[in-house]
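Heads up: the structure comes next, in structure tokens.
Here is the naming used below: chain letters follow the sequence lines, and residue numbers restart at 1 for every chain.
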Amino acid sequence: MLAWYDRHRRVLPWRALPGETPDPYRVWLSEVMLQQTTVAAVRPRFAAWVARWRDFASLAAADDAEVMAAWAGLGYYARARNLVAAAKAVVADHGGVFPQDEAVLRTLPGLGAYTAAAVAAIAFGKRAVVVDANVERVVARLFAIRTPLPGARVAIRAAADRITPDTRAGDFAQAMMDLGSGICTPKAPSCLLCPLEPECLGVREGAPEALPVKARKKAKPQRYGTIFWVERDGSVLLVTRPDKGLLGGMRALPTGPWVEAPPGLADAPLAADWEMRNVTVAHGFTHFDLQLALAVARTDAHQAGEWWPIAELDRAGLPTVFAKAAAAVLRRDG
DNA sequence: CAGGCGTGGTC
DNA sequence: TGACCAAGCCT
């Protein structure tokens, strides 16, 4: 794997070149951004982020609203809150120096088993067993582990531990992830190009693409809501959602709870002459699908909240579902 | 442990 | 075209 990595490693903005010393801040940031998120989506966000907050100290001192806006569109917004919390903890509890020990890293908010191991190995050269979805797939095929996930996790982790080298554990982890990303892919793996093919029990037994076995996913329920777009003097009313729960801490358009049947004008943020638009906006979340109605009004009231200039709405940092709703309103107005 | 938690790309 | 999927974490 290490020889294959030396020949085929991807060049990525957060990855040290051979002979370079990794920057722990950049390794950590990239690992968090890459949680359940593609390299293509992370690439431009990583560049913008490190240009704005280049180290732990600057991030620990960052403005919360600006941080959340910078994360808008990346999803799983708890990651952004945890980044700031972890940066503050590094400054307050660790003298501004990122801890190198996997167990200590694990205590920082947003660093779970995978990320703590990945940072220890990649940033600090420690031996750590790094198991993400790529490694799970490669290992399940290499050893023909047919137990369905998540039950197979114990066996997969033990197997990954056995093949992790004592030196260059970081390169080994990144090699496994590059292999899983480009060769040992979920649907149609390129086994002819794989350095592990001669030893792969999944190949020997046939149908490696069927591994790992996963449990069937449950159907997503449908929910409905109404977005309340209210204008005053060329500005629109925005709110900030509570820190916990869906889209926590993010700027948003006012909306009531999302429920099993279309709620119409229930839970409007203020009394006004609401007009229902004859279009809806659909959006899929991880665990439910959402269909939004749009209610529009003008007001002179001094409603609590943030009146945001519509011409600068791009800079508000709205999560995608609200950006879609805003675009739908403005498409007809504009 | 199972479920909450986003989004955009891919086939 | 919709279902699956991506460098998971937290409760």
Next item on the list: Answer with base, sugar-phosphate or nothing: what part of the nucleic acid does A/Ala133 contact at a heavy-atom distance below 4.0 Å?
Entry: sugar-phosphate
Checklist line | Spacing of A/Leu111 atom CG relative to C/dC10 atom P, expressed in whole Å | finding: 8 Å
Next item on the list: Begin with the C-alpha distance, continue with both residues' side-chain angles, and end with the deciding distance and a verdict on salt bridge (charged side-chain N to carboxylate O under 4.0 Å, His left out) for A/Arg146 and A/Glu205.
Entry: CA-CA 11 Å; A/Arg146 299 187 184 282; A/Glu205 298 179 8; 2.8 Å; yes
Next item on the list: Calculate the interatomic distance between A/Lys217 atom NZ and C/dG2 atom C1'; express it in whole Å.
Entry: 13 Å
Notebook entry, point to check: Want to settle it: does A/Gly110 or A/Gln174 sit nearer the 5' end of DNA chain C, counting the closest nucleotide to each?
Noted result: A/Gln174
Item checked: CZ-CG distance between A/Arg26 and A/Leu12, expressed to the nearest 0.5 angstrom -> 11.5 Å
Next item on the list: May I ask you to check whether A/Phe285 and A/His283 place their ring centers less than 6.0 Å from one another?
Entry: yes
Notebook entry, point to check: Within 45 degrees of the axis of the six-membered ring of A/Trp258 and under 6.0 Å from its centre: does A/Arg241 put its NZ or CZ there?
Noted result: yes
Notebook entry, point to check: Which of the following nucleotides, B/dG4, B/dG3, C/dC10, is nearest to the side chain of A/Lys218?
Noted result: B/dG3
Check: With a 4.5 Å heavy-atom cut-off, do A/Met276 and A/Leu265 have their side chains touching?
Finding: yes
Next item on the list: Could you check how far CG of A/Leu34 sits from C1' of C/dC9, rounded to whole Å?
Entry: 15 Å
Notebook entry, point to check: Taking the side chain of A/Asn82 as heavy atoms from C-beta outward, which of C/dG8, C/dA6, C/dC10 is closest to it?
Noted result: C/dC10
Notebook entry, point to check: Would you say A/Arg45 and A/Trp71 make side-chain contact, with heavy atoms under 4.5 Å?
Noted result: no
Next item on the list: Please determine if a side-chain N or O atom of A/Arg106 lies less than 4.0 Å away from the OP1 or OP2 oxygen of C/dC9.
Entry: no
Check: Over how many whole Å does the gap from A/Asp132 atom CG to C/dC5 atom P extend?
Finding: 15 Å
Notebook entry, point to check: Aromatic ring centroids of A/Phe56 and A/Phe98 under 6.0 Å?
Noted result: yes
Checklist line | Whole-Å gap separating C1' (B/dG3) and CZ (A/Phe288) | finding: 13 Å
Margin query: Looking at A/His287, I'd like to know whether one of its side-chain N or O atoms comes within less than 4.0 Å of OP1 or OP2 on B/dG3.
Written below: no
Next item on the list: Just call it for A/Ser30: base, sugar-phosphate, or nothing, with non-hydrogen atoms closer than 4.0 Å on any strand.
Entry: nothing
Item checked: Base-contact (B) and sugar-phosphate-only (S) positions in nucleotides 6-11 of chain B, heavy-atom cut-off under 4.0 Å, - elsewhere -> BBS---
Notebook entry, point to check: Base, sugar-phosphate alone, or nothing: which one does A/Leu12 contact when heavy atoms must sit under 4.0 Å apart?
Noted result: base
Item checked: Rounded distance in Å - CZ (A/Arg81) to C1' (B/dG4) -> 12 Å
Margin query: Within the 4.0 Å heavy-atom criterion, would you say A/Ala188 contacts the bases, only the backbone, or no part of the nucleic acid?
Written below: nothing
Next item on the list: Check whether any side-chain heavy atom of A/Arg10 sits under 4.5 Å from a side-chain heavy atom of A/Arg15, and report yes or no.
Entry: yes
Check: When the distance from CD of A/Glu136 to C1' of C/dA6 is rounded to whole Å, what number comes out?
Finding: 12 Å
Next item on the list: Classify the nucleic acid contact of A/Trp14 as base, sugar-phosphate or nothing, counting any heavy atom under 4.0 Å across all strands shown.
Entry: base
Item checked: Residue whose nearest DNA chain C nucleotide is more 5′ - A/Lys244 or A/Arg15 -> A/Arg15
Check: A/Met177 has an atom CE; how far is it from atom C1' of C/dG8, in whole Å?
Finding: 13 Å
